[in-house]
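Report on one structure; see the data block that follows.
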Amino acid sequence: MVKRLISANTSEVLAMDGQELKQSIKASEGRVVLSENVTGHEATDGLTTSEIAAAFGADLILLNGLDVLNPVILGLYEGEETLATAKAHHDGQSIKRLQKLVGRPIGVNLEPVDPNADMSEDRLIIPEGRMASEKTLKEVAKLGFNFVVLTGNPGTGVTNAQIAANIKVAKANFNGLVIAGKMHGAGVNEPVVSKESVESFLEAGADVILVPAVGTVPELDDAELKEIVKLAHSKGALVMSTIGTSQEGSGASYIENIAIRNKIDGVDIQHIGDAAWGIQSPFENIYALSKAIRGERHAIQRMARSINR
């Protein structure tokens with residue numbers, strides 16, 4: 001057995017494989033916070049965005065906008081705090097270095113782009129290193145990521161069918177945790193989430209089903225989310241609710257309200273996105289989420305627990 005994630009030390013967490021991390025999250029009973037951070041924007045004072053998120057209570061760090069074939073993380077290396085000075089490092093050490101700095105499991109978004117998607121807006125073209133494929137998933141494994149999220153940024157043309165197809169590729173090439181689903185439409189004319197798409201993700205082998213948090217996309221209500229949670233849990237999967245609609249910048253009262261509603265609905269991980277500043281969530285909102293779903297005691301101990309333990 002493993003220790004629950006909200007109480008685990010860095011040495012224990014970073015030694016976990018994908019299934020052990022999944023059990024550790026499950027044991028935390030709906031009190032796990034994931035912060036999504038853009039790697040290609042400067043944070044402050046030479047730090048990475050991930051360090052700031054970890055300092056304010058994130059248990060899991062998700063990197064967005066990272067080209068895994070040419071990884072650039074501002075602030076990770078001395079003298080590389082801006083796009084003008086940072087460079088891609090191809091020695092395979094970038095993620096190991098970031099794990100050492102923040103003491104948290106690190107994941108990355110890969111986007112299952114569907115070239116035949118029925119688009120509802122102009123398509124945003126992204127580099128190969130951000131797309132989900134056998135090549136990029138093998139690279140994610142080589143870099144040492146703890147988890148991968150198969151999802152779509154706005155306008156990239158990610159479909160649920162393509163997500164399901166790439167879950168199978170991920171399970172064949174990566175032994176970390178596989179999280180899958182859409183936070184919003186990603187520019188495509190299809191339901192963001194449905195029972196049918198969730199069933200296809202589960203059948204493909206997803207460890208965690210990603211869904212929009214209730215209160216972030218139109219029409220998704222508590223009853224529908226509860227149905228998805230019960231379905232996922234019955235198949236041995238977990239569920240992550242996401243605030244990926246810029247509402248991560250809507251203020252602490254909103255964050256607290258969403259946190260409690262989605263905890264009642266049974267989700268295992270609560271994600272807070274990066275769109276508020278275009279970099280990461282305001283740090284006070286990460287803390288508000290953390291405090292709301294697990295109380296001041298656990299919020300503070302996660303912030304204070306040394307990464308050298």
Side-chain angles (χ1 to χ4, degrees), residues 18 21-22 25-26 30 32-36 60 62-64 107-114 117 130-132 137 140 145 147-171 174 176-222 224-245 247-248 258 262 265-275:
L21 180 58
K22 179 180 176 181
I25 293 167
K26 181 179 180 180
V32 171
V33 174
L34 180 150
S35 173
E36 183 176 4
L60 302 167
L62 173 61
L63 306 184
N64 191 23
V108 65
N109 282 333
L110 287 181
E111 307 194 43
V113 173
D114 187 341
R130 285 179 52 187
M131 297 184 192
L137 284 158
V140 165
F145 280 99
F147 62 97
V148 65
V149 179
L150 302 174
T151 193
N153 276 293
T156 56
V158 169
T159 61
N160 285 319
Q162 199 72 2
I163 290 174
N166 277 274
I167 292 169
K168 296 178 182 178
V169 180
K171 297 299 287 187
F174 176 64
L177 202 64
V178 177
I179 303 174
K182 294 174 74 170
M183 304 181 191
H184 44 66
V188 178
N189 280 318
E190 70 173 358
V192 176
V193 61
S194 66
K195 184 178 179 181
E196 291 72 26
S197 64
V198 170
E199 287 175 337
S200 71
F201 299 162
L202 292 168
E203 185 178 343
D207 297 299
V208 182
I209 300 299
L210 182 160
V211 293
V214 169
T216 63
V217 298
E219 297 185 358
L220 178 67
D221 61 18
D222 296 276
E224 187 173 2
L225 178 55
K226 283 183 178 179
E227 183 181 9
I228 290 168
V229 168
K230 290 181 184 298
L231 173 61
H233 287 172
S234 73
K235 302 295 185 179
L238 305 180
V239 178
M240 178 172 78
S241 63
T242 61
I243 307 174
T245 49
Q247 291 168 284
E248 53 267 50
I258 291 301
N262 287 275
D265 292 339
V267 304
D268 304 281
I269 307 167
Q270 296 214 25
H271 155 289
I272 186 163
D274 57 44

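Computation of the quantities below employed the complete heavy-atom set of this structure, encompassing side-chain atoms and omitting hydrogens, waters and symmetry-equivalent molecules. Treat the numbers as computed from the prediction; the structure is a model and nothing was measured.
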Would you check if [X] and [Y] make a side-chain contact, meaning some heavy-atom pair closer than 4.5 Å?
X: His271; Y: Val149; result: no
X: Val192; Y: Leu220; result: no
X: Val158; Y: Thr151; result: no
X: Leu62; Y: Ile179; result: no
X: Leu60; Y: Ile25; result: yes
X: Thr245; Y: Met183; result: no

What side-chain donor-acceptor pairs closer than 3.5 Å can you find for residues 226-237, not counting sequence neighbours?
unit_1	atom_1	unit_2	atom_2	d
His233	NE2	Asp268	OD2	2.8
Ser234	OG	Lys230	O	3.4
Ser234	OG	Leu231	O	2.6

Across all chains, not counting sequence neighbours, the side chain to side chain donor-acceptor pair (under 3.5 Å) partners of Asp114 are Thr159
Only counting residues at least two apart or in another chain, list the ones meeting side chain to side chain donor-acceptor pair (under 3.5 Å) with Glu111. Arg130, Asn153, Thr156
With Asp222, which residues qualify under salt bridge (Lys or Arg N to Asp or Glu O under 4.0 Å), at least two apart? Arg261
Closest contact, heavy atoms only, Ile258 versus Gln270: O-OE1, 4.2 Å
So which atom in Asn166 and which in Pro112 form the shortest heavy-atom distance, rounded to 0.1 Å? ND2-CB, 3.6 Å
Counting distance only, does the side-chain N/O of Gln247 pair as donor-acceptor with the main-chain N or O of Gly215 below 3.5 Å? yes
Short question: side chain of Ser241, backbone of Pro212 - any donor-acceptor pair under 3.5 Å? no
Quick one: [atom1] on [X] to [atom2] on [Y], what's the gap to the nearest 0.5 Å?
X: Ile272; Y: Ile243; atom1: CD1; atom2: CD1; answer: 5.0 Å
X: Leu137; Y: Leu150; atom1: CG; atom2: CG; answer: 6.5 Å
X: Asp265; Y: Glu224; atom1: CG; atom2: CD; answer: 11.0 Å

Quiz: residues 198-209 side-chain donor-acceptor pairs under 3.5 angstrom, not counting sequence neighbours:
unit_1	atom_1	unit_2	atom_2	d
Ser200	OG	Ser197	O	2.6
Asp207	OD1	Gln19	NE2	3.0
Asp207	OD1	Lys171	NZ	3.2
Asp207	OD2	Lys171	NZ	3.1
Asp207	OD2	Val178	N	2.9

